[in-house]
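Here's the structure we're looking at; comments come further down.
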Amino acid sequence: MPAQLIGIDALSFAGPDAYLALRDLATARGVDPAKFTVGLGQHGMAIASPCEDPVTMAVAAGRKALSGFDIDPEQIGTLIVGTETGIDHSKPVAVYAHELLGLSQHCRTFETKHACYGAMAGLTASMDWIGCGRARGRKALVIASDIASYGLNTPGEPTQGAGAVAMVVSDAPRLLTIDPDYIGDYTRQVMDFWRPLYSKYAVADGHYSIECYLDALVGALNDATSQHDHAQACPDPVACLYHIPFVRMAFKAHQRYVEHCSGQALNADHASGWQSLNDDYAQRVRPWLSLNAQIGNIYTGSLFLSLIDLLRQQAASMAGQPISLFSYGSGCGATYCIGRVADAAGQWTAQLDPADDLKRRRRLSIDEYEHLIEQNQTADQQTSLTPEEFGHRQGLYYVGTRDHQRQYRALG
Ligand code: HMG
């Protein structure tokens with residue numbers, strides 16, 4: 001029996017109202033700006049205020065995905081929020097989002113956590129839920145929502161960011177089908193990046209985390225292809241999407257991917273191989289990194305932000321073509337899979353594209369940025385926050401915790 005076509009039916013991004021330009025950060029830290037803009041490939045990072053949290057961003061992205069793609073909230077039978085940035089040891093971000101999005105009480109709702117892997121875990125769990133027949137014609141809403149925080153003056157500081165990506169998963173996907181024959185998983189207990197319960201900031205062994213990521217890519221790729229004979233072992237994607245903690249990581253990942261597929265190690269000393277790697281990267285990877293370069297690491301959503309970038313540019317011309325997606329979460333867990341751009345995807349590019357929202361963002365000075373980072377430390381304990389004080393005019397905001405309960409208020 002041919003496998004059911006399941007995949008992504010709607011997709012949208014929402015993020016903070018302000019950002020920091022990495023050139024400004026470099027100047028403030030006494031670092032050559034090229035280290036951030038070329039060495040890491042980053043130009044900006046979204047910075048959340050104390051009134052923007054994983055709930056407000058998840059709801060904003062969820063609303064856009066539902067209304068932009070004409071999906072009735074009653075059609076959602078599963079809601080999963082993948083996040084590293086939980087706001088409570090017990091209560092999931094997902095149940096706040098469930099209420100604020102007006103979903104049915106018969107919707108199964110939960111949070112997934114595995115660093116940056118939570119949304120891919122949610123996507124594959126949703127596919128299983130639909131594939132086994134339990135969905136009864138309903139769709140799943142999977143939302144990735146995170147604030148990446150390493151703290152001031154740390155090596156991770158230029159690789160922060162914040163934002164949410166919402167995707168609706170269905171058996172009639174308008175954007176991307178996922179091929180069930182090419183999904184591979186990988187798990188290994190490593191201490192590359194983690195965040196103890198007592199800390200707002202992640203602890204990262206940065207260079208080791210890059211090695212863990214690359215090992216996980218090969219591990220997941222091997223699992224995806226191991227059940228096929230050699231001729232089918234490496235489907236040739238027209239675009240390769242990776243988890244993007246910082247843009248330059250995608251080059252390192254693609255190098256490892258090409259080496260794995262060709263069986264040949266590459267480095268700058270081998271002029272022709274290196275040139276063809278750079279050409280391939282310029283064609284299959286780099287064009288889909290422009291949103292990540294402006295927004296920074298949004299942890300669980302960052303792979304799917306790159307997918308938004310691809311679809312907003314090439315959905316029509318890539319209809320029916322295979323693309324690869326690699327999700328990595330520190331700690332570590334990973335999945336590599338192959339998707340195909342849906343035939344009708346080109347009709348939805350206006351709904352996908354966050355360009356207008358990004359143009360409206362406010363550029364922070366270094367003083368404003370440092371002030372926000374300090375205030376974010378105690379936001380959970382504030383009883384009364386005023387979103388207008390942080391320049392917010394429209395949307396849903398966190399306004400403090402009273403009687404140990406988080407409060408939200410809509411503006412505009
Ligand atoms: P660092 O030690 O400050 O930077 O940390 P560096 O010295 O390695 O330099 C970075 C690059 O800039 C290098 O390029 C330099 O050569 C280059 P590479 O050799 O790697 O190709 N460079 C320059 N280029 C041009 N002009 C210059 C210049 N100077 C240097 N003047 C690091 C960098 C990424 C380690 C740090 O920012 C960090 O710890 N970040 C956080 C951890 C991280 O992002 N890890 C990525 C893999 S793990 C992952 O993706 C999971 C994660 O998203 C979490 C989750 O799962 O939830 C993090």
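We count ligands from 1, going down the list as the structure has it; atoms in each ligand are counted the same way. Only a predicted model underlies this, so the values are computations on that prediction, with no experimental measurement involved.
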Give every pair made of an N or O atom of ligand 1 and a protein N or O atom lying under 3.5 Å apart, one pair per line with both atom names and the distance to 0.1 Å, or write 'none'.
from	atom 1	to	atom 2	distance (Å)
ligand 1	2 (O)	H207	NE2	2.9
ligand 1	3 (O)	K35	NZ	2.8
ligand 1	4 (O)	K35	NZ	3.3
ligand 1	8 (O)	H207	NE2	3.4
ligand 1	20 (O)	K252	NZ	2.5
ligand 1	21 (O)	K252	NZ	3.2
ligand 1	31 (N)	D32	OD2	3.0
ligand 1	37 (O)	P155	O	2.7
ligand 1	40 (N)	T159	OG1	3.3
ligand 1	45 (N)	S209	OG	2.8
ligand 1	50 (O)	H243	NE2	3.2
ligand 1	53 (O)	H243	NE2	2.8
ligand 1	53 (O)	N297	ND2	3.1
ligand 1	56 (O)	C116	N	3.0
ligand 1	56 (O)	S330	N	2.8
ligand 1	57 (O)	C116	N	2.9

Scan residues 312-341 for pairs that pass side-chain hydrogen bond (donor to acceptor under 3.5 Å, both in side chains), counting only residues two or more places apart or in two chains.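 Counting only pairs at least two positions apart or across chains, the side-chain hydrogen bond (donor to acceptor under 3.5 Å, both in side chains) contacts touching residues 312-341 are Y117-T335, D185-T335, D192-Y328, D192-S330, S290-R312, D309-R312, D309-Q313, R312-D353, Q314-S317.
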
Check: Between K35 and E157, is there a side-chain N and carboxylate O pair less than 4.0 Å apart?
Finding: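 E157 and K35: not salt-bridged.
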
For R108, all residues meeting salt bridge (Lys or Arg N to Asp or Glu O under 4.0 Å), sequence neighbours excluded:
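Listed in chain order: nothing, the list is empty.
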
Across all chains, not counting sequence neighbours, the salt bridge (Lys or Arg N to Asp or Glu O under 4.0 Å) partners of D171 are none

Open item on the list: If you define the side chain from C-beta out and look only at heavy atoms, does anything of L101 sit under 4.5 Å from L141?
Closed with: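 They are in contact (side-chain heavy atoms under 4.5 Å apart), so the answer is yes.
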
Establish, yes or no, whether a centroid distance under 6.0 Å links the rings of F326 and Y213.
yes

